[in-house]
2 protein chains.
Amino acid sequence: MAANSRFAVAVHALSLLAWREGERRSSREIAGSVATNPVVIRRLLTQLQRAGLVRSAHGAKGGFVLGRPAARISLYAVYRAVEEGGFFALPEKGNDACPVSCRMKGFLGGVFSRVESKVAPELRKTTLADVVRRLPA
Amino acid sequence: MAANSRFAVAVHALSLLAWREGERRSSREIAGSVATNPVVIRRLLTQLQRAGLVRSAHGAKGGFVLGRPAARISLYAVYRAVEEGGFFALPEKGNDACPVSCRMKGFLGGVFSRVESKVAPELRKTTLADVVRRLPA
DNA sequence: CCATAATGTAACCATTCTAGTTGCGATTGA
DNA sequence: TCAATCGCAACTAGAATGGTTACATTATGG
């Protein structure tokens, strides 16, 4: 299972928190909905916490809540929090003696950043509040 | 290195073919520019051949040429040829008893396809002919 | 006809990434 | 005190990728 479903799981977990905003949810509850292990959820939510998207409380009756209102958490914020790299990768090597190879890195870097600049606004359009609106009350 | 550089390597290889359009290039030559193994190149170009982007010739003086004019090969065609999945993955599991989990798959599928619909036109804008224009003669 | 130079492909290995799991210390509330 | 909970480290399993070797097949040129 090397498929990268971190973004999907993060949105799922945050949607649960947004669904009943304000109520604490334990990693065990969230893991139950996502059908995975609580530790996997805690690992992922640690990343989201560093980005300010969630806050956690230790101890009994502890758990997670959103770090700010659902309407102010876009899918792009989630994407940035869990995916460090972009969509594609540049190869680290290359033959510097070849004039084509020399130019490829710069060229592809430009392509990748133009792609990113199209994806970002699309993901910014949707917030967790929009997600909740699609969920049953 | 488990980084996914297939797209970058494919564009690099095709750019070499477009640079001196019509001349055959062996996998060894291409591998020399990309700084990898000829078998890696042949494996990748086999995929591109299935998509019609290159043609190969066996035997001595064999090698690869573009399957159609460089101006008619967009980066999107390359992307489709080498990347089967989309950018993100949907988790295969989920708790069907949870109303949030039940809706996530459909919701995320919509998000992913909207992202794809922004990326595709951006990649379609650039062809191999555009790449060659940026290369030294 | 034969040597040479190529592709196509299978097999295998090393590395890296992800998710899953166990265990445990620290913290909090009842 | 006790139970619930996060944080984190360590380990495992499985998959994907790229690199490498090997070999059958095919085409060219003398």
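Proteins come first, then strands; the chains are lettered A, B, ... in the order of their sequence lines, and each starts at number 1.
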Trainee: Specify the residue among Ala57(A) and Leu45(B) whose closest nucleotide of DNA chain C lies further upstream toward the 5′ end.
Mentor: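 Looking at the nearest nucleotide for each, Leu45(B) comes out on the 5' side.
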Trainee: Val40(B) side chain: which of dG8(C), dG7(D), dG19(D) is closest?
Mentor: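 The answer is dG19(D), which lies nearest to the side chain.
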Trainee: Any idea which of dG19(D), dA10(C), dC6(D) is nearest the Val39(B) side chain?
Mentor: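 Of the options given, the side chain of Val39(B) lies nearest dA10(C).
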Trainee: Please determine if a side-chain N or O atom of Thr46(B) lies less than 4.0 Å away from the OP1 or OP2 oxygen of dT7(C).
Mentor: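 It does not, given that no N or O in the side chain of Thr46(B) lies less than 4.0 Å from OP1 or OP2 of dT7(C).
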Trainee: Taking only the side-chain nitrogens and oxygens of Gln49(B), find out if one of them lies under 4.0 Å from OP1 or OP2 of dT7(C).
Mentor: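 No, no such contact exists.
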Trainee: Can you tell me if the side-chain N/O atoms of Ser5(B) get under 4.0 Å from OP1 or OP2 in dT17(D)?
Mentor: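 Checking Ser5(B) against dT17(D): no side-chain N or O falls below 4.0 Å of OP1 or OP2.
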Trainee: Leu17(A) CG to dC6(D) P: how many Å, rounded?
Mentor: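 Between P of dC6(D) and CG of Leu17(A): 11 Å.
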Trainee: Within this structure, what is the NE2-to-P distance between His58(B) and dA24(D), rounded to whole angstrom?
Mentor: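 Atom NE2 in His58(B) sits about 16 Å away from atom P in dA24(D).
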Trainee: Considering only side-chain heavy atoms of Phe64(A), which listed nucleotide, dT21(D), dG7(D), dG29(C), is closest?
Mentor: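 Out of dT21(D), dG7(D), dG29(C), the nucleotide with an atom closest to Phe64(A)'s side chain is dG7(D).
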Trainee: Distance under 6.0 Å and angle within 45° of the ring axis: does Arg124(A) meet both against Tyr76(A)?
Mentor: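 Yes; both conditions hold, so Arg124(A) lies above the ring face of Tyr76(A).
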Trainee: Could you give the CG-to-C1' distance, from Asn37(A) to dG14(D), as a whole number of Å?
Mentor: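 Going from Asn37(A) (CG) to dG14(D) (C1'), I get 16 Å.
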Trainee: To the nearest Å, how far apart are Arg55(B) CZ and dA27(D) C1'?
Mentor: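 Rounded to whole Å, this separation is 17 Å.
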Trainee: Do the charged groups of Lys125(B) and Glu122(B) touch, with an N to O distance under 4.0 Å?
Mentor: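 Salt bridge present between Lys125(B) and Glu122(B).
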Trainee: When you measure from the side chain of Lys93(A), which nucleotide among dG19(D), dT18(C), dT9(C) comes out closest?
Mentor: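 From the listed options, dG19(D) comes nearest.
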Trainee: Among Ile73(A), Val82(A), Thr126(A), Leu75(A), find the one that has a side-chain contact (heavy atoms from CB on, under 4.5 Å) with Val11(A).
Mentor: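 The residue from Ile73(A), Val82(A), Thr126(A), Leu75(A) that satisfies side-chain contact (heavy atoms from CB on, under 4.5 Å) with Val11(A) turns out to be Leu75(A).
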Trainee: How many whole angstroms separate atom CD1 of Ile41(A) from atom P of dC8(D)?
Mentor: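 Whole-Å distance recorded here is 16 Å.
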Trainee: Could you tell me whether Glu29(B) contacts a base, only the sugar-phosphate backbone, or nothing, with contacts defined as non-hydrogen atoms closer than 4.0 Å?
Mentor: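 Contact class for Glu29(B): none.
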Trainee: State whether Thr36(B) places a side-chain N or O below 4.0 Å from either non-bridging phosphate oxygen (OP1 or OP2) of dG18(D).
Mentor: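 False: Thr36(B) side-chain N/O out of range (4.0 Å or more) of dG18(D) OP1/OP2.
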Trainee: With the side chain of Arg43(A) defined as its heavy atoms from C-beta on, choose the nearest nucleotide among dG19(D), dA19(C), dT4(C).
Mentor: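 Closest nucleotide to the Arg43(A) side chain: dA19(C).
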Trainee: Less than 4.0 angstrom from a charged side-chain N to a carboxylate O is my criterion; do Lys118(A) and Glu116(B) meet it?
Mentor: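 Judged by the 4.0 Å cut-off on N to carboxylate O distance, Lys118(A) and Glu116(B) do not form a salt bridge.
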Trainee: From the set dT4(C), dT7(C), dT9(C), return the single nucleotide nearest to any side-chain atom of Ser26(B).
Mentor: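 The closest nucleotide is dT7(C).
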Trainee: Hydrophobic clustering (ILVMFWY, side-chain heavy atoms < 4.5 Å, transitive) - are Val40(B) and Val9(B) grouped together?
Mentor: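 No, Val9(B) does not connect to Val40(B) through the hydrophobic network.
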Trainee: Between P on dC6(D) and CG on Leu48(A), what's the gap in Å once rounded to a whole number?
Mentor: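 It works out to 14 Å between those atoms.
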Trainee: To the nearest Å, give me how far apart CZ (Arg42(B)) and P (dT26(D)) are.
Mentor: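 Taking CZ of Arg42(B) and P of dT26(D), I get 16 Å after rounding.
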Trainee: How many Å lie between NZ on Lys61(A) and P on dA30(C), as a whole number?
Mentor: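 It is 7 Å, rounded to the nearest whole Å.
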